[in-house]
Each structure stands twice: as structure tokens, then as C-alpha cells.
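Encoded as C-alpha cells, the structure appears first; notes follow it.
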Amino acid sequence: ASLYPAIAADGLTVAVTWHDLRYSSDGDAFVNSSADGGQTWLSTAVQLNTGVGAVWPQVAVQGSTIHVAWQDYRNSPIGFGYTDVYVRTSTDAGQTWGPSDTRLDSDNAGFSDYTRICASGSRVYVVWYADESHSFITRSEDGGATWLPEQMIDTLNSDHLEIACD
């Protein structure tokens, strides 16, 4: 089953990501993309996560660069339950992806949830809600190659965040 799709486009680059149950009941983050405005797509969708249990992927597109962020259970001491935030980037409209996914949060004892992502030029922003009481943001200023440390932006119960870039 494919669940919770998200879509983003810039120019002729279109990317769709979703939570997929084909290999694991915990789910994985998959993406497919088009470099011609959606007329043709990759012949096979790409699994982005290298751990077990990736959920709620979100996507941002800037030119031919695609960024996907998701919540991931691989470091959870109890299995399904605690999540971390990961991101992966393609610079060629999804033909190839960076060699590994990058963890963005540093919360070792809880969950990071409701991940959202946007991109503008070479800047990429990711926000998430952690441990039922804090909201965080991080950014990359080099198209996702490196990431700055996260910053807390709210200490209230502020789940279901949204972010927009121009």
C-alpha cells in the first residue's frame, strides 16, 4: 500500500513521495520523479531510507534538485514509536540520490514528528515537532550538502507545523 503522498514541482521537475508498505509493515520512504513536467517518470520508484520504518515523507524541489525529509524509527529503543528526522537529496531530478540519508535532529530520547521541508535557491529548511512540546528548524545553505544545528523555535504544543519558501 502507498500512503500519505506529497508532491512538489519547480519548472519541469516534479517529485512525488509517499509512505510505502511493500517491503515492511513499518513502511519506507519512496519517491518518483519527472524531468519533463510529468509526461514521463522514472521506471522504478526509489526507496530513500536505509533504516527500518520511515514514515510521512515530505518533498521540496528547487530547479532539478529534489529534497525529501521524513520521520524514521531506526534509532528507536522500542521499535515503532520514537522517530528521528532524516533527509536525502538528488541534484539531477531524481536520477541519482546522495550516498546516504542525513539525520537532522539531535533528540536522542524522544520523537520528532510532523516534518515539513521547503527550498529556495541553495537554501533548504526543515521544521518538525519534538516530544509533544517543542518545535525545531534547521537549514542548509548549500543545497542540502551540509546542515546547520537545529534551533528551537517554540516551546508550546505546536504540532502540525507548516513552512513555505519563496
Side-chain angles (χ1 to χ4, degrees), residues 2-20 22-23 27-75 83-107 112-130 135-153 160-166:
S2 300
L3 307 167
Y4 318 117
I7 187 169
D10 187 31
L12 293 176
T13 303
V14 182
V16 177
T17 187
W18 64 92
H19 173 129
D20 196 291
R22 75 181 78 178
Y23 300 128
D28 296 299
F30 274 78
V31 66
N32 202 335
S33 58
S34 170
D36 59 11
Q39 294 194 23
T40 61
W41 295 83
L42 298 177
S43 60
T44 303
V46 177
Q47 181 180 346
L48 296 174
N49 59 301
T50 56
V52 174
V55 297
W56 296 98
Q58 300 292 306
V59 62
V61 176
Q62 181 65 49
S64 62
T65 301
I66 303 170
H67 309 278
V68 178
W70 66 90
Q71 297 143 220
D72 197 298
Y73 296 104
R74 78 182 74 175
N75 298 316
T83 54
D84 297 311
V85 176
Y86 282 83
V87 67
R88 201 150 177 202
T89 298
S90 169
T91 58
D92 57 8
Q95 294 293 316
T96 61
W97 289 83
S100 65
D101 36 11
T102 301
R103 183 177 172 187
L104 298 180
D105 67 320
S106 62
D107 179 5
S112 299
D113 223 351
Y114 303 113
T115 304
R116 298 292 183 262
I117 188 168
C118 71
S120 179
S122 62
R123 290 188 175 176
V124 186
Y125 300 87
V126 178
V127 296
W128 66 92
Y129 163 74
S135 300
F136 291 89
I137 189 167
T138 186
R139 74 180 185 276
S140 170
E141 302 211 352
D142 56 11
T146 61
W147 292 86
L148 297 171
E150 73 217 44
Q151 295 179 306
M152 186 183 309
I153 55 174
H160 294 89
L161 301 166
E162 295 296 335
I163 189 169
C165 290
D166 185 13

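Ring geometry for Trp70 versus Tyr86: interplanar angle under 30°, hence parallel rather than tilted (30 to 60°). Between Tyr23 and Phe30, the angle of the ring planes lies from 30° to 60°, which puts this pair in the tilted group.
Proximity of Thr115 to Val126: side-chain heavy atoms (C-beta onward) are separated by under 4.5 Å at one or more points. Counting heavy atoms from C-beta on, the side chains of Val31 and Arg88 never come closer than 4.5 Å. Glu150 is not listed as a side-chain neighbour of Leu104, based on a closest heavy-atom distance of 4.5 Å or more. Under the 4.5 Å side-chain criterion, counting only non-hydrogen atoms from C-beta, Val16 is not in contact with Val59. Contact check for Ile163 versus Ile137: side-chain heavy atoms found under the 4.5 Å cut-off.
When all heavy atoms are compared, the tightest approach of Ala164 to Cys118 is C-SG, 3.7 Å. Contact detail for Ala15 and Val61: the closest heavy-atom pair is CB-CG2, 3.9 Å. Pairing each heavy atom of Asp72 with each of Ala54, the nearest pair is OD2-CB, 4.1 Å. When all heavy atoms of Ser33 and Ile66 are compared, the pair lying nearest together is CB-CD1, 3.7 Å. Residues Ser90 and Gln95 come closest through the heavy atom pair OG-N, 4.0 Å. Between Ser140 and Asp142, the shortest heavy-atom distance links the atoms OG-OD1, 2.8 Å.
For the atom pair CD1 of Ile153 and CH2 of Trp128, the computed distance is 9.0 Å after rounding to the nearest 0.5 Å. Here the straight-line distance linking atom CD1 of Ile7 with atom OG1 of Thr17 works out to 11.0 Å at 0.5 Å rounding. Asn49 contributes atom CG, which lies 4.5 Å from atom CG of Asp28 (distance to the nearest 0.5 angstrom).
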Q. Are Arg74 and Thr50 close enough, and set up right, to give a side-chain contact (heavy atoms from CB on, under 4.5 Å), and what steps lead you there?
A. CA-CA 9 Å; Arg74 78 182 74 175; Thr50 56; 3.2 Å; yes
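Judged by distance alone, with hydrogens and angles left aside, the side-chain atoms of Thr13 form a donor-acceptor pair with the main-chain N or O of Gly63 at under 3.5 Å. Under a 3.5 Å cut-off, the side chain of Thr89 and the backbone N or O of His67 do not form any donor-acceptor pair. Formation of a donor-acceptor pair under 3.5 Å by the Ser34 side chain with backbone atoms of Trp41 is not found in this model. Under a 3.5 Å cut-off, the side chain of Gln62 and the backbone N or O of Gly121 do form a donor-acceptor pair.
Among Trp18, Trp56, Tyr114, the one residue that satisfies the ring-ring contact (aromatic ring centres under 6.0 Å, His included) test with Tyr4 is Trp56.
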